Amino acid sequence: MKLGRGIVVILLMTCCSQAALGLFDQIESRQSIGEHVAHNKGLVENFPDGGTDCLSQSNYSSGMSFPEVDGCWHYRSRYIVGELLWVPAGIIGVDYPSMKIFSLLVALTEIVLIFSFISKYFGRIEGQKAALAYSTVPAFIYYAQAPFIGHFRVIAVLLIARFAIPHFSRDSSEEEELGGVWKFAAWALVVIGPGIDSLLAFAWAGFGLSLIILNTRGRKVSINAILAFFSSPVLWFIISNKVNDMFGYNNELSARFEARTDFSLFMDSDYYVAFLDSFTNQAGPLGLVLLILLFSDLKRYYDAGPEVFSAVVSLSSMLFFTLFVFQSTFIDCCPYFAYPVVALCSFGMAGFKLDARKNVLILSILLFTSFSSGLLLHSVENNYSERELQRYVIDNIDEEDGMVITDHNIARWNAYRWQIPGGTIHISEDYSAEEFKQLVVSAQPEHIILSNQSFHEVNASILESEGYCVTEIETDERIPPHWIDGWMSDVYPIRGIWRC
């Protein structure tokens, strides 16, 4: 399909805006983006060993950076197909900019797919409007360069709706047999798709539900397809267990589920305030208006065809059940669970008519305020503590320096931890001065990085008489001095210790 000048301009604008928002920055400390960049860097580097995002840890380690299996963040709860999709990022490189560039390429693919989809069923102008809306929703602006699996969830839904649903839903008057190759491809998408991520089970349930609705309204649908949509996520859960066993890991998906949900929150009024705050930040003013237009005129999308209807139902199912089940995680740390709202907003754009000058003005204002809201999300950089640490590592530590001794207080910061090229030796909270002295003698580290608390508890200052130099790593100027002297005094000042 020919893209045309309009969509090319949107893609170029997206690239330019993302380049100005830290795409090529070696240091990454934005909330959620930092951790995803670090996790995927680990996944790409460790893929030959099973694809975990665990940092290589020495036998000298006495503590883990996270209270999770083998010091990993994602355990093996990631599905194997989803891991394979991120591996090509290694072709670009294994540093942070490479991870972000690859993610942006995936995000641009989303824009092209939504443009193609909407253009086919609503017209080319509507497709361009939808693509423009997609690129200006705050959630997209913020996460376009974050390599998280939400990008591939949306792509999977759009591909299924566009290319598989037509093979499973036909008018009773249609007699034309479907091509064997395309039919096989449609079934392959249905069966393989849930292997990308466990949360696609909610989207697949939406597809199954949409086919059931179409069937009740006289549309001829494939009963086998309905069964496949509901059963293939179960199949991939079983496969994930087997893959974990093959690599010697226990499946911790259920443990992650229990740690990230709290249904008692639905009885707390404060939860709904926090939910609305997080959700509106992700959708922005444009997104909220487009969602209202979408759900106030669902018949329009049903009449557009089973492909459009199933996409809306599937995305809505994934958004609703993800936020319903993982409600505590959404408001505490992971607003990116609302990412399907980006695609839903684009479908809502098909209902925004530009048949009056006032509508053009309203749309222009919404686009501007939405884009501004996305830029504001980038300004909320809450992991300032990592920036100077990452800069210190980049400027002073090479892979030849080997493993770096670090402690529990700062090893939990993902982006800093994965900047260390040779891996880490973690020391636990209860590490004694004598144990630390023995560790230094045995491991002979070139570099040691310790929080203020650990530096004093293990009496690391004695290393100055053992051929090491000690310096205070600069603290980011945006961290208030009273925080450093108060509740963050266990962390700051952070010391960098190296062999002189």
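This structure is a prediction, so every number in the text was calculated from the model and none was measured.
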Could you walk me through whether Leu290 and Leu366 pass the side chain to side chain contact (heavy atoms under 4.5 Å, CB included) test, one step at a time?
-> CA-CA 10 Å; Leu290 295 181; Leu366 288 173; over 6 Å; no
Run the numbers on Glu28 and Arg387 for salt bridge (Lys or Arg N to Asp or Glu O under 4.0 Å), then give the verdict.
-> CA-CA 7 Å; Glu28 184 52 70; Arg387 291 199 66 83; over 6 Å; no
Applying side chain to side chain contact (heavy atoms under 4.5 Å, CB included), run through Leu209 and Phe229 and close with a yes or a no.
-> CA-CA 9 Å; Leu209 176 61; Phe229 276 118; over 6 Å; no
Under the ring-ring contact (aromatic ring centres under 6.0 Å, His included) criterion, do Phe324 and Phe263 qualify, and how do the steps go?
-> CA-CA 9 Å; Phe324 178 80; Phe263 289 105; 5.7 Å; yes
Between Ile484 and Ser489, does a side chain to side chain contact (heavy atoms under 4.5 Å, CB included) hold up when you go through it step by step?
-> CA-CA 5 Å; Ile484 297 173; Ser489 60; over 6 Å; no
Does the pair Tyr336 and Phe330 meet the rule for a ring-ring contact (aromatic ring centres under 6.0 Å, His included), with working shown?
-> CA-CA 8 Å; Tyr336 50 80; Phe330 174 66; 9.2 Å; no
Between Thr369 and Leu286, is a side chain to side chain contact (heavy atoms under 4.5 Å, CB included) present by the stated rule, with each step listed?
-> CA-CA 8 Å; Thr369 55; Leu286 175 64; 5.9 Å; no
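The shortest distance between side-chain heavy atoms of Asp490 and Asn452 does not fall below 4.5 Å. Looking at heavy atoms from C-beta onward, Ser210 lies out of side-chain contact with Ser314 at the 4.5 angstrom threshold. Here the side chains of Thr424 and Ile405 are not in contact, with every heavy-atom distance at 4.5 Å or above. Taking 4.5 Å as the limit, every side-chain heavy atom of Trp413 sits out of range of all side-chain heavy atoms of Glu35. Between Phe152 and Val81 there is no side-chain heavy-atom pair separated by less than 4.5 Å. Looking at heavy atoms from C-beta onward, Ile111 lies in side-chain contact with Phe140 at the 4.5 angstrom threshold. No side-chain heavy atom of Leu389 sits under 4.5 Å from any side-chain heavy atom of Val393. Inter-residue side-chain proximity for Tyr339 and Phe148 is flagged as met; some heavy-atom pair is nearer than 4.5 Å.
In Phe368, the CZ atom is not crowded: 12 or fewer heavy atoms of neighbouring residues, nucleotides or ligands sit closer than 6.0 Å.
Across every non-hydrogen atom of Tyr143 and Ser32, the tightest pair is CE2-CB, 3.9 Å. When every heavy atom of Leu367 is checked against every heavy atom of Ala133, the shortest pair comes out as CD2-CA, 4.5 Å. In plain terms, the two heavy atoms of Leu199 and Phe326 that are nearest each other are CD2-CE1, 3.3 Å. Smallest separation of non-hydrogen atoms from His151 and Ser103: NE2-OG, 3.5 Å. The shortest non-hydrogen separation linking Ala38 to Tyr96 is CB-OH, 3.8 Å. Closest of all the heavy-atom pairs between Leu363 and Met349 is CD1-CE, 3.3 Å.
A donor-acceptor contact shorter than 3.5 Å is absent between the side chain of Ser317 and the backbone of Val313. At distances below 3.5 Å, at least one donor-acceptor pair connects side-chain atoms of Thr261 with backbone N or O atoms of Val325. In terms of modelled atom types and a separation under 3.5 Å, the side chain of Ser17 and the main chain of Met13 share a donor-acceptor contact. Put simply, the side chain of Arg153 never gets that close to the backbone of Ala203: no donor and acceptor are under 3.5 Å apart. Of the possible donor and acceptor atoms, none in the side chain of Ser116 sits under 3.5 Å from a partner among the backbone N and O of Val112. A donor-acceptor distance shorter than 3.5 angstrom exists from the side chain of Lys41 to the backbone of Trp418, with no hydrogens or angles considered. Although no hydrogens or angles enter the test, the distance criterion places no donor-acceptor pair under 3.5 Å between the side chain of Asp277 and the main chain of Val273. The closest donor-acceptor contact from the side chain of Gln419 to the backbone of Gln26 lies under 3.5 Å. The main-chain N or O of Leu108 is never found under 3.5 Å from a side-chain atom of Glu110 such that the two would form a donor-acceptor pair. Although no hydrogens or angles enter the test, the distance criterion places a donor-acceptor pair under 3.5 Å between the side chain of Ser296 and the main chain of Ile292.
For the residue pair Glu388/Thr475, the side-chain donor-acceptor check at 3.5 Å is not satisfied. Asp332 and Thr329 share no side-chain donor-acceptor pair at under 3.5 Å. Remark: the Thr406 side chain and the Tyr416 side chain contain an N/O donor-acceptor pair separated by less than 3.5 Å. Side-chain atoms of Arg417 and Gln390 include no donor-acceptor pair closer than 3.5 Å. Side-chain contact, Arg495 with Ser451: no donor N or O sits under 3.5 Å from an acceptor N or O. Residues Asn409 and Gln453 bring a donor and an acceptor atom of their side chains to less than 3.5 Å of each other. Side chain to side chain, Ser454 and Asp407 meet the donor-acceptor criterion of an N or O pair below 3.5 Å.
For the atom pair Ile118 CD1 and Tyr134 OH, the distance stands at 11.0 Å (nearest 0.5 Å). Interatomic distance, OH of Tyr431 versus NE2 of His426, reported as 12.5 Å (0.5 Å rounding). Rounded to the nearest 0.5 Å, atoms OG (Ser328) and OH (Tyr271) are 8.5 Å apart. Atom CZ of Arg391 and atom OG of Ser29 lie 9.0 Å apart (nearest 0.5 Å). Taken from OG1 in Thr14 to CD1 in Ile141, the straight-line distance is 8.5 Å, to the nearest 0.5 Å. The CG atom of Leu319 sits 8.0 Å away from the CG atom of Leu291 when rounded to the nearest 0.5 Å.
Each of Asp270, Leu265, Leu323 was checked for a side-chain contact (heavy atoms from CB on, under 4.5 Å) with Ile331, and the lone residue meeting it is Leu265.
Using the six-membered ring where Trp is involved, Phe102 and Trp86 have ring planes that are perpendicular, over 60° apart on the 30 and 60° scheme. Under the 30°/60° scheme for interplanar angles, the aromatic rings of Phe266 and Tyr272 are found to be tilted. Using a 30° and 60° split on the angle between ring planes, Phe275 and Phe279 fall in the parallel class, below 30°.
Aromatic ring centres of Tyr301 and Phe347 lie farther apart than the 6.0 Å criterion allows.
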